[in-house]
Structures are given as C-alpha cells and as structure tokens.
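Some notes on the structure that comes next.
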Amino acid sequence: MFRLSPIIVLFPKSLWPYMPFWKHFVAVWDHLFKVAGELVQKKVAEIQEKVKQGLPIDGEYLTHLLISEQMTPTEVLGSITELLLAGVDTTSNTISWTLYHLARDPEAQQRLYNEVISICPGDKMTSSEDISKMPWLKAVVKETLRLYPVVPGNARITAEKEIVVGDHLFPKNVSIIPQCC
C-alpha cells in the first residue's frame with residue numbers, strides 16, 4: 001500500500017482499474033480494513049463485557065469513539081484504519097531521530113529525563129494534562145520534526161538571511177516550519 005499509493009495518485013482515477021497492480025492494491029487495502037475491523041470488534045466485545053459486569057467504561061481513543069456514538073461504525077472503522085497507517089512510519093521515524101539526537105547530547109537527554117520524572121514519577125500513567133506540563137519534551141519533538149519532517153510536503157521556509165520574528169532570531173539557512181499556534 002505504501003509502495004503503490006504514490007504511483008496510483010499520479011494517474012486519473014478512471015485509469016486505476018486498468019493498472020496491472022490495481023487488484024493487489026485493493027487487496028492490500030481490504031486486508032488493512034480487515035485487521036482494523038477485528039480490532040474494533042475486539043474492543044466492542046470488551047466494552048460489552050464491562051457493561052455486563054457493571055464496570056466503568058473508560059479508556060483509549062477507540063473506546064471513546066465507540067461509546068460517544070458521534071461517528072457511525074463505518075466512520076470508526078475508517079478512522080482506526082487510517083490511524084494504524086498514519087502511526088507506523090511517522091511515529092517510529094520521529095522517535096528514532098529523537099533518540100539518536102538525545103544519545104548525542106547527554107545534557108539535553110538529562111534535562112528531558114528530569115522533566116518527565118518530575119511530572120510522571122514512578123509508574124504513573126502519563127495523561128494529556130501531564131504532557132502540557134512538559135515544555136522541553138514538546139520542544140525536543142518539534143525540533144526533531146523540524147529537522148526530519150515525516151511529511152515531505154510540509155510547508156517550509158529557509159531563511160536566506162538572518163531574521164527576527166517577535167523575540168525570536170532565525171539564523172540564515174535554517175529551515176522554519178510556520179505554525180499558527
């Protein structure tokens with residue numbers, strides 16, 4: 001799917017069924033939806049079991065999607081399939097580069113470690129509120145994504161000369177990814 005998608009999008013949709021690899025491409029997508037469907041059904045069964053036992057229903061993203069009823073089952077399946085695809089290379093690539101650079105910079109590594117354990121000591125499960133209290137973690141991830149964007153088409157600006165925006169100095173020849181927030 002990852003190998004064929006960039007090729008297929010170069011051609012008009014009307015030609016896709018006539019391409020020699022089209023059937024294989026469709027079969028791969030069908031398999032991805034089958035895997036996602038199995039995960040959704042497993043989660044539905046878990047939720048139903050909790051309801052039978054009178055246990056609270058809380059949990060992850062998929063649980064939220066299923067119990068909120070804001071999406072149809074077909075939309076949930078599509079969302080989970082896309083999440084499975086989107087999270088593979090993007091996450092592993094970002095984590096790999098982050099770990100590489102942290103390994104090369106022990107001071108940055110120690111600063112990040114100190115920040116994380118100060119917010120999430122021991123076996124405490126991290127929450128979204130915890131993440132918002134970790135500006136160094138956010139900075140490390142953003143810098144990694146600036147250096148190694150997971151989406152090659154991200155809008156980037158390379159400053160040809162030194163510029164100042166607000167209180168921030170951007171040296172010349174540095175890639176900048178403009179953000180709204």
Side-chain angles (χ1 to χ4, degrees), residues 2 35-36 39-40 42-51 53-72 75-159 162-181:
F2 285 121
V35 169
L39 293 171
V40 170
K42 181 180 176 187
K43 183 56 73 176
V44 167
E46 289 174 16
I47 292 170
Q48 289 172 344
E49 186 60 33
K50 284 184 176 183
V51 168
Q53 296 176 7
L55 298 172
I57 303 172
D58 56 356
E60 310 83 14
Y61 179 68
L62 179 54
T63 302
H64 170 74
L65 290 180
L66 291 168
I67 64 175
S68 72
E69 297 181 351
Q70 294 178 348
M71 296 172 74
T72 67
E75 290 169 334
V76 170
L77 179 60
S79 178
I80 294 303
T81 303
E82 288 176 4
L83 185 63
L84 289 171
L85 292 171
V88 176
D89 288 338
T90 55
T91 303
S92 64
N93 187 51
T94 302
I95 290 171
S96 294
W97 281 115
T98 301
L99 293 174
Y100 170 77
H101 283 287
L102 286 171
R104 296 189 66 202
D105 188 343
E107 289 178 23
Q109 185 182 131
Q110 189 63 46
R111 181 175 174 184
L112 181 59
Y113 174 78
N114 291 340
E115 180 179 84
V116 171
I117 63 166
S118 72
I119 303 297
C120 301
D123 292 338
K124 180 183 182 242
M125 187 67 155
T126 309
S127 68
S128 57
E129 292 82 25
D130 294 331
I131 300 294
S132 68
K133 297 174 190 171
M134 295 189 243
W136 184 248
L137 173 63
K138 186 176 182 179
V140 167
V141 172
K142 281 190 166 201
E143 179 63 4
T144 301
L145 290 169
R146 183 187 71 81
L147 293 170
Y148 309 98
V150 293
V151 179
N154 279 353
R156 299 170 149 258
I157 299 169
T158 301
E162 187 176 275
I163 59 172
V164 176
V165 178
D167 295 330
H168 303 284
L169 169 69
F170 295 95
K172 72 177 196 174
N173 299 323
V174 168
S175 289
I176 304 165
I177 302 173
Q179 295 186 343
C180 64
C181 0

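Both backbone and side-chain heavy atoms feed into the values below; hydrogens, waters and symmetry mates do not. On a predicted model such as this, the values are computed, not experimentally measured, just so you know.
Remark: side-chain polar atoms of T94 are not paired, donor with acceptor, to backbone N or O of T91 under 3.5 angstrom. No donor-acceptor pair under 3.5 Å is formed between the side chain of S79 and the backbone N or O of E75.
Considering OG1 of T98 and CG of L147, their distance stands at 9.5 Å, rounded to 0.5 Å. In this structure, the separation between CD1 on I57 and CD on E46 is 11.5 Å, given to the nearest 0.5 Å. Taking CH2 of W97 as the reference point, atom CD of E143 lies at 13.0 Å (rounded to 0.5 Å). Considering OG of S96 and NE2 of H101, their distance stands at 11.0 Å, rounded to 0.5 Å. If you take CD1 on I47 and CG on L55, they are separated by 12.5 Å, rounding to the nearest 0.5 Å. Atom NE2 of H64 and atom CE of M71 lie 9.5 Å apart (nearest 0.5 Å).
Residues I119 and T126 form no side-chain contact, since every pair of their non-hydrogen atoms from C-beta on lies 4.5 Å or further apart. A 4.5 Å side-chain heavy-atom check between V51 and Q48 finds every atom pair outside the cut-off. Counting heavy atoms from C-beta on, the side chains of E115 and L137 come closer than 4.5 Å.
Annotation: E107, atom CD; neighbour count of heavy atoms from other residues, nucleotides and ligands within 6.0 Å does not exceed 12.
Closest approach of M134 and C120 over heavy atoms only: CE-SG, 4.1 Å. Annotation for Q109 and L102: closest pair NE2-O, 2.9 Å, computed over non-hydrogen atoms.
For the residue pair D130 and S127, a side-chain donor N or O sits within less than 3.5 Å of a side-chain acceptor on the partner.
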Exercise. Between Q110 and N114, is a side-chain hydrogen bond (donor to acceptor under 3.5 Å, both in side chains) present by the stated rule, with each step listed?
Worked result: CA-CA 6 Å; Q110 189 63 46; N114 291 340; 2.9 Å; yes

